[in-house]
Amino acid sequence: MGIVAQLNQDRINDFALRVGTVNGTGSASANSLLLQALFRMGIPVSGKNVFPSNIQGLPTWYEIRVNRDGYTARSPDFALMVAMNPQSLKQDIAEVQSGGWVLYDSSKELGEELLREDVTFLGIPLARMCAESFKKARERILMKNIAYVGALVALLDIDMDVVKGMLEEKFSHKPALIESNFRAIRMGADYAREHWACPLPVRVRRMDANRDKVMITGNAATGLGCVYAGATVGAWYPITPSTGVMDAFKEWCERFRVDPETGKKRYCILQAEDELAAAGMVLGANWMGARAFTPTSGPGISLMSEFIGLAYYAEVPSVFVDVQRTGPSTGMPTRTQQCDLILTAYASHGDTKHIALYPADPKECFEFAVAAFDLAERFQTPVFLMSDLDIGMNDWVIPRLAWDDAYRPDRGKVLSAEELEKAKSFFRYLDVDGDGIPYRTLPGEHPRGAYFTRGSGHDKYGRYTEDDEAYVEVVDRIARKIASAANHVPAPEIHRVEGRKAPYGIVSLGGAHWAVLEARDQLLAEGVDVDYLRVRGFPFGAEVDRFLAEHETVFVVEQNRDGQLRMLLALETPCPRTKMIPVNYYGGQPLSKGHVLGGIRPVLERAKTEVAS
Amino acid sequence: MGIVAQLNQDRINDFALRVGTVNGTGSASANSLLLQALFRMGIPVSGKNVFPSNIQGLPTWYEIRVNRDGYTARSPDFALMVAMNPQSLKQDIAEVQSGGWVLYDSSKELGEELLREDVTFLGIPLARMCAESFKKARERILMKNIAYVGALVALLDIDMDVVKGMLEEKFSHKPALIESNFRAIRMGADYAREHWACPLPVRVRRMDANRDKVMITGNAATGLGCVYAGATVGAWYPITPSTGVMDAFKEWCERFRVDPETGKKRYCILQAEDELAAAGMVLGANWMGARAFTPTSGPGISLMSEFIGLAYYAEVPSVFVDVQRTGPSTGMPTRTQQCDLILTAYASHGDTKHIALYPADPKECFEFAVAAFDLAERFQTPVFLMSDLDIGMNDWVIPRLAWDDAYRPDRGKVLSAEELEKAKSFFRYLDVDGDGIPYRTLPGEHPRGAYFTRGSGHDKYGRYTEDDEAYVEVVDRIARKIASAANHVPAPEIHRVEGRKAPYGIVSLGGAHWAVLEARDQLLAEGVDVDYLRVRGFPFGAEVDRFLAEHETVFVVEQNRDGQLRMLLALETPCPRTKMIPVNYYGGQPLSKGHVLGGIRPVLERAKTEVAS
Amino acid sequence: MTYIAKPVARHPGMRPNALGLTPRDYEGAMSTLCAGCGHDSVTAALIQAFYELDVQPHRVAKLSGIGCSSKTPAYFVKEAHGFNSVHGRMPSIAAGANAANQSMLYVGISGDGDSLSIGLGQLCHVIRRNVNMLYVLENNGVYGLTKGQFSASADVGSKSKSGDVNRQEPIDPVNLALSLGATFVARSFSGDKRQLVPILKAGMSHKGFALVDVISPCVTFNNHEESTKSYSYTRSAVQEVVETDFIPLRREITTDYEEGGVRSVKLHDGSTVKLRKVDQDFDPTNRGGVLEYLRASRARGEVATGLLYIEKSDADLHVLENTVDVPLVGLPYEVLCPGSAALEELQKEWW
Amino acid sequence: MTYIAKPVARHPGMRPNALGLTPRDYEGAMSTLCAGCGHDSVTAALIQAFYELDVQPHRVAKLSGIGCSSKTPAYFVKEAHGFNSVHGRMPSIAAGANAANQSMLYVGISGDGDSLSIGLGQLCHVIRRNVNMLYVLENNGVYGLTKGQFSASADVGSKSKSGDVNRQEPIDPVNLALSLGATFVARSFSGDKRQLVPILKAGMSHKGFALVDVISPCVTFNNHEESTKSYSYTRSAVQEVVETDFIPLRREITTDYEEGGVRSVKLHDGSTVKLRKVDQDFDPTNRGGVLEYLRASRARGEVATGLLYIEKSDADLHVLENTVDVPLVGLPYEVLCPGSAALEELQKEWW
Ligand SMILES: Cc1ncc(C[n+]2csc(CCOP(=O)(O)OP(=O)(O)O)c2C)c(N)n1
Ligand SMILES: Cc1ncc(C[n+]2csc(CCOP(=O)(O)OP(=O)(O)O)c2C)c(N)n1
Ligand code: SF4
Ligand code: SF4
Ligand SMILES: [Mg+2]
Ligand SMILES: [Mg+2]
């Protein structure tokens with residue numbers, strides 16, 4: 001069969017595999033062992049965890065893609081399926097590429113109806129083997145996972161020493177586990193070598209692509225960014241997929257922020273009673289002069305809306321991390337989307353507009369987390385760090401993080417006690433410098449610094465007012481202030497076709513970036529001239545306007561139903577909405593090349609035929 | 001002085017006056033007495049209450065405009081100022097038109113510094129006169145207000161019999177009050193006649209413009225609309241300026257909905273612990289099949305955001321009345337704005353879009369309230385009735401309300417027990433008819449009608465799902481469903497220049513309507529061809545697209561800072577934002593002609609000069 | 001009207017109830033909770049209670065917030081209407097639903113996170129409104145679904161799976177409900193079906209708000225020795241202070257009233273709750289006394305269980321609001337709409 | 001550092017305090033409340049308390065939600081930093097602020113609507129967190145600012161200006177705070193400055209959360225005879241069960257400890273609260289007893305006032321969270337940022 005033939009040609013460091021298991025059975029650690037091994041072999045690799053909103057017993061999947069060219073966006077073309085879960089066996093077998101392989105537990109016969117002509121079945125009696133070589137029930141379940149890793153080591157030609165090394169590191173404190181785990185690995189590998197021609201045509205080979213790389217989740221990087229930004233107060237209410245941010249902040253703080261003498265904390269994490277309270281705590285702490293933040297997800301942002309409006313109008317710096325998940329409402333808490341763009345841009349009643357940052361990977365989560373605090377204090381307003389489940393919860397291979405020790409927080413215009421002592425007077429909301437940004441003071445510093453923070457109507461002196469002109473003067477200044485932030489949010493990343501003016505442009509953001517890059521390269525290879533701009537901050541700057549103006553046709557690629565980035569571009573740039581063609585995928589999986597091309601190709605075709613006719 | 005001369009020409013039934021008093025001193029009833037008298041004299045009239053967010057002791061104003069041509073939008077050109085409040089005397093005197101009159105309490109000398117050359121001061125020793133003719137302290141305060149009404153009766157030539165008649169009606173149950181009040185009226189009137197040439201050139205004269213009119217607030221009309229719509233459950237948390245809606249619902253229900261035998265209620269009003277709870281109660285009651293609603297204002301909508309998303313995704317009918325006030329945050333609770341348009345159109349996280357209705361006066365509040373319930377049940381989704389403080393809390397003269405007894409609620413697709421008995425199966429979210437609207441059932445009706453209402457991912461059968469295609473199928477249908485509502489919301493009101501194609505178009509909504517009408521008539525009179533479309537519902541229909549397309553330049557007139565209607569038009573119609581010129585007033589007062597012309601004129605001038613050059 | 005659904009299957013030994021239904025007919029979808037989760041036992045007890053009370057499945061309204069506990073309404077009475085709302089806000093949904101249609105049997109399921117953290121305000125107010133419903137709080141001291149953070153009912157000193165130690169005083173829903181004037185307050189243990197079933201039945205029959213705090217261990221995140229919400233601890237420290245027996249109206253045996261140590265409380269619907277006090281100093285009808293008793297037993301490190309307080313209350317939401325006796329949803333539009341003549345009349349006043 | 005603001009004016013008879021400030025220096029903007037509003041009396045008592053405690057104005061953080069009561073922070077200590085937040089959510093602002101800077105004196109002002117309806121959840125949780133602050137609940141049984149709807153503390157049977165009758169049981173903040181483990185719980189009456197001032201001072205000096213429920217009549221909407229929140233009723237039914245006297249550290253007279261009927265409680269900062277029990281059966285240090293006593297006095301139609309419960313608590317939010325002793329806002333960035341070397345080191349684990 002053609003396809004089989006194709007797959008049977010060597011495909012080194014260029015394929016995707018999927019592992020189907022039961023959640024809560026320890027397969028997670030086995031899968032990350034696998035991912036890490038490939039990473040340490042220097043191969044560009046990515047892992048995507050597809051898990052249910054449930055704690056134990058339901059089907060869960062883990063996808064790994066290796067790609068020598070560095071394309072690590074999700075790929076749904078699975079050359080190899082590790083089908084360990086009877087519940088999902090049927091679906092899993094159905095989803096493997098024609099010509100591919102299915103590794104399954106042959107302790108139990110495969111039902112006739114499941115068999116496929118065009119794939120190769122590799123049966124290995126894992127349950128039986130583990131039952132024979134391990135005593136404890138729990139151990140037998142866990143080792144089954146390690147054993148399929150072993151089989152893959154052989155099938156894919158993974159470096160056994162690397163695996164052994166990792167086990168030794170991981171269990172350095174309990175050597176017994178090193179032995180048992182490695183026994184399971186070898187058991188799987190040996191069986192594979194004895195029964196099948198190893199390695200398979202699809203396999204890996206050492207590269208040197210990861211020399212300056214690290215592997216980390218976006219949530220861990222965000223939490224670390226908050227530590228490096230000097231945040232001292234974190235308030236939160238647990239919600240998937242944002243929980244990891246505070247877990248990480250806590251972990252790093254325990255390491256870096258505990259007074260060695262007293263063992264006391266140089267930080268305070270408040271688990272609030274709900275998201276409204278978490279937002280209030282963030283405002284209160286920032287009011288006092290601490291850098292405070294709250295990580296949450298869509299439902300939390302909805303609940304925080306009232307407080308967000310207060311922070312906007314009373315000009316209280318505050319950082320909100322929105323790790324987006326599939327909405328609306330409770331939606332699919334363990335699936336990803338970019339669906340809170342409109343909500344966060346204009347959150348709360350009345351006229352508002354908020355600064356937002358759109359990281360594309362954990363590296364930017366770290367960097368933008370720091371930027372978020374600087375922007376929040378400089379502009380005295382809420383700032384949203386817009387991550388998502390894919391970036392936040394999956395392990396990503398990224399360039400090693402760097403830190404400039406010369407960095408000092410941008411606290412914005414804060415008057416010191418000394419300055420207040422010298423000053424004749426202080427008024428909270430005066431536009432002294434003509435840049436729309438007033439001066440603020442920190443409570444307790446100086447009697448002259450006192451002012452009244454309120455969400456009710458106030459004039460530029462901070463006094464309560466119901467006078468139309470006094471009210472208008474303040475809200476107009478705030479509008480100017482936020483508009484000016486466009487020049488301070490991270491500039492867009494732009495990829496242009498060398499030398500030629502491209503008729504097509506793509507605009508995208510966040511985690512969609514990687515699939516867009518891959519799709520664009522393919523289009524370029526096919527001779528289609530297409531430029532690409534990745535928005536990294538809101539409000540948008542002049543470069544975005546220019547890019548939109550420069551191209552006849554612009555594709556806006558994003559992971560939501562209604563084209564929310566496209567909506568923002570229509571509202572905030574001169575570009576007419578009609579010129580921007582929506583390319584939306586919102587099924588909850590990370591974006592893949594196919595989604596992008598699927599949206600772009602038909603338009604290109606039409607263009608061709610129009611030209612032709 | 002020229003201007004004085006001008007004012008000294010007769011201005012019958014064409015002027016505005018302002019009364020400045022202290023709130024909590026009973027001036028409100030005096031002012032409504034005045035308004036009602038003018039109304040009963042058959043003169044087109046409007047009253048605007050400008051009050052503080054405070055219970056007693058602060059300056060408050062009441063503005064009345066009479067206009068024989070029926071223009072009753074707010075007019076800030078006060079020919080007559082009734083300055084009864086020492087606190088605001090200075091400002092009040094400053095605000096009267098040059099050539100106008102100031103009626104003040106001369107019990108206390110006017111300070112030299114307050115005097116103005118170009119206005120006529122009419123001093124009347126109200127305090128002293130009341131002290132002489134009334135005993136009780138409270139009475140003296142109250143009667144001072146009635147007495148200035150008396151002076152106005154003489155100065156403006158208001159029909160004394162009409163006033164007497166109203167007092168007789170009002171105090172029919174306590175005749176003593178008729179006497180004392182009428183005494184105060186006469187006292188004021190007599191003093192005026194003795195000391196000044198009455199009536200003034202600015203004065204009123206009987207007309208017959210109000211034969212089929214009534215006078216009522218928007219909140220009262222909305223509450224009545226909910227009664228006529230058959231709403232049985234009202235849940236709310238008090239908030240200015242929406243409180244009157246539930247007060248009215250309660251009042252009408254007590255009159256029309258109490259079982260004569262048992263005295264028990266055929267309705268249930270739940271004063272919730274907060275707006276989140278109020279929204280939940282509305283969802284719960286609608287789920288059971290009752291028509292339920294909640295009135296609130298901006299802050300309440302922010303707090304309800306999470307529930308609104310649940311109602312959208314789980315497709316629970318629900319009616320939210322947003323009586324808008326000046327935002328953001330607490331803002332100015334006693335000032336008006338149209339500032340929740342974006343929030344309500346896309347409320348809650350994830351991809352959402354909601355139906356909204358934009359009444360322009362109490363008549364439409366009544367009619368649209370009924371429509372809101374029909375739309376909510378037909379489309380099984382939240383519907384927002386977007387009123388505002390000006391419409392909701394001020395008295396408006398409107399055509400008498402009519403009711404068609406043939407009306408029956410549109411419950412939408414609700415399966416009866418009989419239908420379920422016959423049906424083979426029932427699935428909650430199936431698009432049986434291909435119109436995007438599924439069938440629903442009411443709890444308790446029939447075992448086969450059972451389904452699970454949830455905000456988490458579900459497939460078209462109502463089953464929990466995390467499958468991308470099953471999820472997408474449902475949210476795509478919901479998007480289609482909401483889009484189709486464009487043909488069912490109230491059609492826009494369109495005013496076209498007869499016979500000629502107008503280069504200019506105005507688009508506006510809600511209470512801004514009246515100032516726009518007046519401004520447009522003036523432009524027409526000046527020979528400027530300008531058409532006008534008033535949006536009455538969201539999502540917008542094809543007529544709106546067409547109107548925007550037909551005009552070279554479109555002015556979008558609205559009462560918010562950011563041009564939220566313009567934003568919605570840019571997002572929901574093919575019209576490029578750049579073609580729509582924003583005309584925004586957001587100081588918190590009702591819109592007046594001047595605001596509209598002030599925004600439009602400069603553009604016309606520019607156009608002229610461009611043509612010239 | 002009434003519809004008796006046909007039982008899916010007749011199982012030998014499964015005596016059909018008055019409606020001809022077996023426990024099987026009160027089941028729902030298959031549970032997706034962890035093996036051994038206390039919540040599944042509560043579900044089983046609920047199924048038994050519905051069955052024994054001859055409840056018509058489609059007359060049940062089952063509601064919940066968000067959490068592992070809040071998932072359970074999907075696992076019982078598939079023919080009931082379910083509303084899995086948002087986190088912590090189920091009480092308001094229940095209040096609104098009940099206001100619209102008091103003829104349904106309302107059963108709300110919640111967790112300690114859902115009820116005592118994000119939902120605390122709504123819980124307090126639904127108690128105050130005395131909404132006629134059974135409210136089951138499946139209390140495990142943790143946020144199960146979000147993987148084991150402390151809830152507001154976590155004990156001082158208890159360790160989370162991530163190693164943190166809780167230092168904050170727990171909120172005791174029983175104590176809270178009693179101080180807010182709840183008229184039916186019980187505590188039980190998911191593992192004790194014998195005790196739980198009659199309490200649930202009594203709660204379903206009680207007119208007004210009935211709170212049942214069920215200690216329901218989270219085997220995955222909070223089942224270690226030290227946790228007062230663990231199987232081991234509850235088995236040892238749980239003290240049943242009143243044995244509850246429930247006799248539906250039809251089944252009532254009028255003879256054995258007030259026999260030794262037994263106290264009978266006749267409920268609004270005529271059925272009877274019989275309480276046999278294990279500890280004689282305990283009086284489940286004296287609010288102050290109960291609070292005192294509970295404080296003492298807490299001090300002894302005991303967890304008192306049983307139907308701890310009951311007061312025959314008729315003043316539920318509808319009595320407080322003085323609504324008509326028929327469900328509002330049942331009122332025909334004709335009686336709700338005043339019509340054109342009334343509108344004409346009314347508008348005379350707007351002149 | 002410390003700044004002593006210059007008093008605006010020296011008034012004969014206004015003895016300056018240790019900072020050289022007179023009560024005048026603790027005033028704020030002119031009140032815009034109704035003439036006779038109880039809230040203004042509470043403001044006056046607060047001003048007196050600040051003055052007597054020699055508080056540095058700019059070291060005070062005054063917070064509130066929304067309502068007439070919540071407006072009052074504008075009317076005292078103009079040199080303090082004020083935060084007039086949103087309705088019912090002040091406790092979370094206070095908790096966050098306190099977490100960031102525990103060196104300020106936190107005074108929160110709220111109303112019964114702000115605290116017991118929309119804010120009930122946050123109030124309960126700020127109590128549980130034991131945030132170190134004085135929380136004054138100006139309790140008038142109505143929503144004043146929105147013109148007189150019933151609040152959750154309205155009495156059964158009380159009539160609103162619009163003629164409605166409340167049927168729901170009131171929530172008693174004192175009772176609630178006691179059952180949630182509050183360590184300082186008092187009730188007073190806005191009209192009784194003699195009683196209120198020492199209680200406010202004690203509350204400011206108490207470490208941990210101090211709740212003072214002040215019955216503060218709304219003359220405009222709820223001052224009629226039947227209302228238990230009216231001047232007339234409180235004057236008659238209010239029973240002072242403990243007389244409170246407060247002695248700041250410096251002023252302490254060590255001799256008269258434990259003299260007849262007086263009980264002294266030494267506070268965290270060394271100052272002393274002296275409680276003279278009017279009713280000998282009353283023990284303000286026995287939580288259970290207090291709850292019992294209050295239930296009984298409520299039954300007698302009495303409103304017990306005074307410092308009803310006090311427990312020397314050190315375990316405020318910062319102790320519970322084990323934070324460093326200096327305010328987090330005072331930590332220099334250098335000690336907060338691990339720096340590049342640590343980042344290098346850390347990332348070895350990400351390999
Ligand atoms: C608004 C909102 N915030 C947070 C969450 C995340 N969340 C889901 S369940 C849960 C806690 C559940 O705890 P509990 O009620 O005790 O139920 P359990 O799982 O322990 O049975 C949380 C925080 C959510 N779904 N919605
Ligand atoms: C979110 C929100 N809902 C409603 C309101 C309207 N509102 C302002 S004050 C208030 C009640 C105040 O009552 P209380 O706290 O008792 O203060 P009081 O005026 O009685 O002193 C309400 C409902 C608001 N400002 N914000
Ligand atoms: S995590 Fe805990 S509460 Fe959730 S299902 Fe598992 S055992 Fe039950
Ligand atoms: S309305 Fe009541 S609470 Fe508000 S200021 Fe007036 S008296 Fe005080
Ligand atoms: Mg729990
Ligand atoms: Mg109040």
Side-chain angles (χ1 to χ4, degrees), chain A residues 22-26 28 51-60 87 137-138 141 236-251 253-254 265 268-279 295-300 302-304 323 325 327-331 333-334 393, chain C residues 29-37 39-40 64-71 74 83-89 111-124 140 142-154 160-164 166-168 171 218-223:
Chain A
V22 178
N23 78 326
T25 58
F51 58 104
S53 176
N54 162 277
I55 303 301
Q56 180 205 92
L58 292 187
T60 187
Q87 295 174 69
R138 180 79 189 142
I141 297 170
W236 71 309
Y237 188 72
I239 183 166
T240 307
S242 71
T243 303
V245 173
M246 196 55 83
D247 291 345
F249 182 73
K250 179 163 169 294
E251 181 182 346
C253 281
E254 282 169 352
K265 303 174 179 172
C268 185
I269 295 174
L270 297 167
Q271 185 181 314
E273 56 269 33
D274 64 13
E275 287 85 351
L276 291 86
T296 187
S297 191
S302 284
L303 287 171
M304 296 176 181
V323 186
R325 67 189 212 185
S329 194
T330 301
T334 60
M393 294 186 73
Chain C
M30 232 249 286
S31 169
T32 60
L33 303 182
C34 302
C37 175
H39 301 349
D40 280 335
S64 65
I66 300 285
C68 295
S69 34
S70 292
K71 285 181 176 182
F83 200 137
N84 182 194
S85 65
V86 290
H87 193 31
R89 317 295 177 185
D112 43 331
D114 199 61
S115 285
L116 302 180
S117 292
I118 191 169
L120 185 57
Q122 291 213 344
L123 173 60
C124 293
N140 55 15
V142 292
Y143 294 175
L145 192 55
T146 50
K147 300 184 175 261
Q149 300 85 1
F150 294 122
S151 78
S153 71
S160 77
K161 207 156 191 181
S162 60
D164 307 347
N166 175 52
R167 310 270 317 259
Q168 288 184 45
I171 296 176
C218 170
V219 293
T220 305
F221 297 110
N222 194 26
N223 195 31

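Here is how names work: the chains are called A, B, and so on, in the same order as the sequence lines, proteins then strands, and each is numbered from 1.
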Subject >> Atom group of C:Cys68 that falls short of 4.5 Å from chain A, counting heavy atoms >> reply: side chain
Original post:
For C:Thr220, is it the side chain, the backbone, both or neither that has a heavy atom under 4.5 Å from a heavy atom of chain A?
Top reply: side chain
**OP:** Any chance you could measure C:Lys71, atom NZ, to A:Ile55, atom CD1, to the nearest 0.5 Å?
**Re:** 7.0 Å
**OP:** May I ask you to check whether C:Tyr143 and C:Ser117 show a side-chain donor-acceptor distance below 3.5 Å?
**Re:** yes
Original post:
Is it the side chain or the backbone of C:Asp164 that comes within 4.5 Å of chain A heavy atoms, both, or neither?
Top reply: side chain
Original post:
So, the side chain of C:Ser64 versus the backbone of C:Ser70: is there a donor-acceptor pair under 3.5 Å, distance only?
Top reply: yes
Original post:
Of all residues at least two apart in sequence or in a different chain, which pass the ring pair (Phe, Tyr, Trp, His ring centres under 6.0 Å) check with A:Phe249?
Top reply: A:Phe293
Subject >> Heavy-atom contact with chain A under 4.5 Å, split by part of C:Ile66 >> reply: side chain
Original post:
How would you list, by chain and number, every residue that makes a side-chain contact (heavy atoms from CB on, under 4.5 Å) with A:Ala278, sequence neighbours excluded?
Top reply: A:Ala235, A:Ala272, A:Thr294, A:Met304
Subject >> Among C:Val86, C:Leu33, C:Ile118, C:Asn84, residue most engaged with chain A (heavy-atom pairs, under 4.5 Å) >> reply: C:Ile118
